[in-house]
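Written below as structure tokens is the structure these notes are about.
Below, all heavy atoms of this structure are taken into account, side chains as well, without hydrogens, waters or symmetry copies. In each ligand, atom 1 is the first atom listed, and ligand 1 is the first ligand listed.
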Amino acid sequence: LPLQVLEGASLLEQELEKRLGIKQVVIVKGNADQDEEVKKRLGMACASMLGGLLRDNLSIAITGGTTIAKMVEFMPRQHGNYKNLMVMPARGSVGGRAEFQANTVAVELAKKIGAQYELFTLPDNLSSSSIELIKQEPTIQKVLHKLTETDMIIFGIGSAMKMARRRNEPSEVIEKLESKKAVAEAFRHYFDTEGNIVYASQAIGVSPAIAKQIPLRLAIAGGESKASALLATRELIEGGYLIIDESVAQEIIKKL
Ligand code: BG6
């Protein structure tokens, strides 16, 4: 893949690996907040990293998001080697643009690599009482169990307020997030700069607690606005793989 990584980035990559306790950091050139091209680079870098980690028989959970969708777009088509690999969406769907939803990216990724997939066709924004009820369903229990046993999680990390708006959170939630100074969103949980969960919407699927137990973790985030989001969710990335852009990397190193 024509990877446009940042020249001379390896020192910064190593520094971040050391300071954040991450297995491997890849930094691509630019700032995704200002330049859409950077998302493509993030996608390519993530596809290439994932390519190196793929093995048949793995089970992989994946979230949605625009950056993850780019990764799937740049995943080269390959067939034959991953017939027993299983791709699953980490959570239900947010609504809105289908191409960025976890279900869609899971199917697309599975098709690209010739793997199996299992869908999770639940809306990600049901009321707590409906969720409690649905959770009792044996088929849902089965999916949840599979998600906790998964070998790899590929996930995006978002800025709290941006994700709250994308998810159409009600105004009282938005106010709560503002007053609690939420900076990050991952797995439908919102975090403050210290990494405390300040709000979590009831939903079914991989939670931060489940994600931490998954052996292979691959996170992707770009745009300097996500630097504090990344630091707030560093526990999720510890021991895993991280793909970021130059602007996030520079901001993080300043804050560390
Ligand atoms: C999604 C995750 O994959 O990506 C969210 O489910 C995350 O938790 C979001 O916040 C980030 O989206 P984007 O579009 O900025 O890559």
Side-chain angles (χ1 to χ4, degrees), residues 28 30-47 50 60-74 87-109 120 122-125 147 152-169 173 177 182-191 195 197-212 214 217-237 240 242-245 247-248:
V28 305
N31 178 350
D33 283 342
Q34 286 162 9
D35 182 0
E36 269 298 304
E37 281 299 301
V38 179
K39 255 192 199 162
K40 290 190 191 163
R41 280 179 217 148
L42 286 163
M44 278 184 216
C46 190
L50 177 60
I60 302 179
I62 187 166
T63 71
T66 58
T67 330
I68 296 277
K70 280 280 173 252
M71 182 278 281
V72 177
E73 191 181 320
F74 285 103
V87 188
M88 298 173 74
R91 314 188 57 88
S93 295
V94 185
R97 299 277 300 270
E99 54 273 50
F100 305 141
Q101 291 171 16
N103 268 317
T104 315
V105 293
V107 178
E108 290 297 315
L109 177 62
F120 197 16
L122 259 190
D124 204 16
N125 48 3
L147 283 172
M152 185 192 295
I153 175 83
I154 307 170
F155 64 105
I157 295 165
S159 305
M161 300 320 291
K162 197 169 160 188
M163 285 309 293
R165 280 190 291 272
R166 194 192 289 174
R167 292 187 188 284
N168 278 325
E169 301 285 13
V173 170
L177 295 175
V183 291
E185 192 277 350
F187 303 109
R188 287 220 73 171
H189 286 58
Y190 294 86
F191 303 77
I197 292 169
V198 294
Y199 175 74
S201 34
Q202 275 269 20
I204 299 173
V206 175
S207 61
I210 294 177
K212 271 188 229 162
I214 298 178
R217 273 159 290 127
L218 218 154
I220 180 165
E224 64 180 309
S225 58
K226 287 194 185 177
S228 29
L230 251 160
L231 285 174
T233 52
R234 57 193 282 184
E235 272 189 28
L236 295 175
I237 319 161
L242 177 66
I243 298 101
I244 49 178
D245 67 21
S247 69
V248 178

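Proximity of a side-chain donor or acceptor of Thr63 to a complementary backbone N or O of Ala90 within less than 3.5 Å is not detected.
Enumerated by chain and number, the residues approaching ligand 1 to less than 4.0 Å through a heavy atom are Thr63, Gly64, Gly65, Thr66, Thr67, Gly156, Ile157, Gly158, Met163, Arg166, Arg167, Glu185, Ala186, Phe187, Lys226.
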Given the rule in the side chain to side chain contact (heavy atoms under 4.5 Å, CB included) test, do Arg217 and Met152 qualify, once you have shown the distances and angles that lead to the verdict?
CA-CA 6 Å; Arg217 273 159 290 127; Met152 185 192 295; over 6 Å; no

Checking side chain to side chain donor-acceptor pair (under 3.5 Å) for the pair Tyr190/Glu169: CA distance, chi angles, key distance, verdict?
CA-CA 12 Å; Tyr190 294 86; Glu169 301 285 13; 2.8 Å; yes

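Taking Lys162 as the reference, Ser159 meet the side-chain contact (heavy atoms from CB on, under 4.5 Å) condition, with sequence neighbours excluded. With sequence neighbours excluded, the residues that form a side chain to side chain donor-acceptor pair (under 3.5 Å) with Glu73 are Lys70.
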Without placing hydrogens or testing angles, list every side-chain donor-acceptor pair under 3.5 Å for residues 218-233, not counting sequence neighbours.
| from | atom 1 | to | atom 2 | distance (Å) |
| --- | --- | --- | --- | --- |
| Glu224 | OE2 | Asn31 | ND2 | 3.2 |
| Ser225 | OG | Asp33 | OD1 | 3.1 |
| Ser225 | OG | Asp33 | OD2 | 2.9 |
| Lys226 | NZ | Ile157 | O | 2.9 |
| Thr233 | OG1 | Ala229 | O | 2.9 |
| Thr233 | OG1 | Leu230 | O | 3.3 |

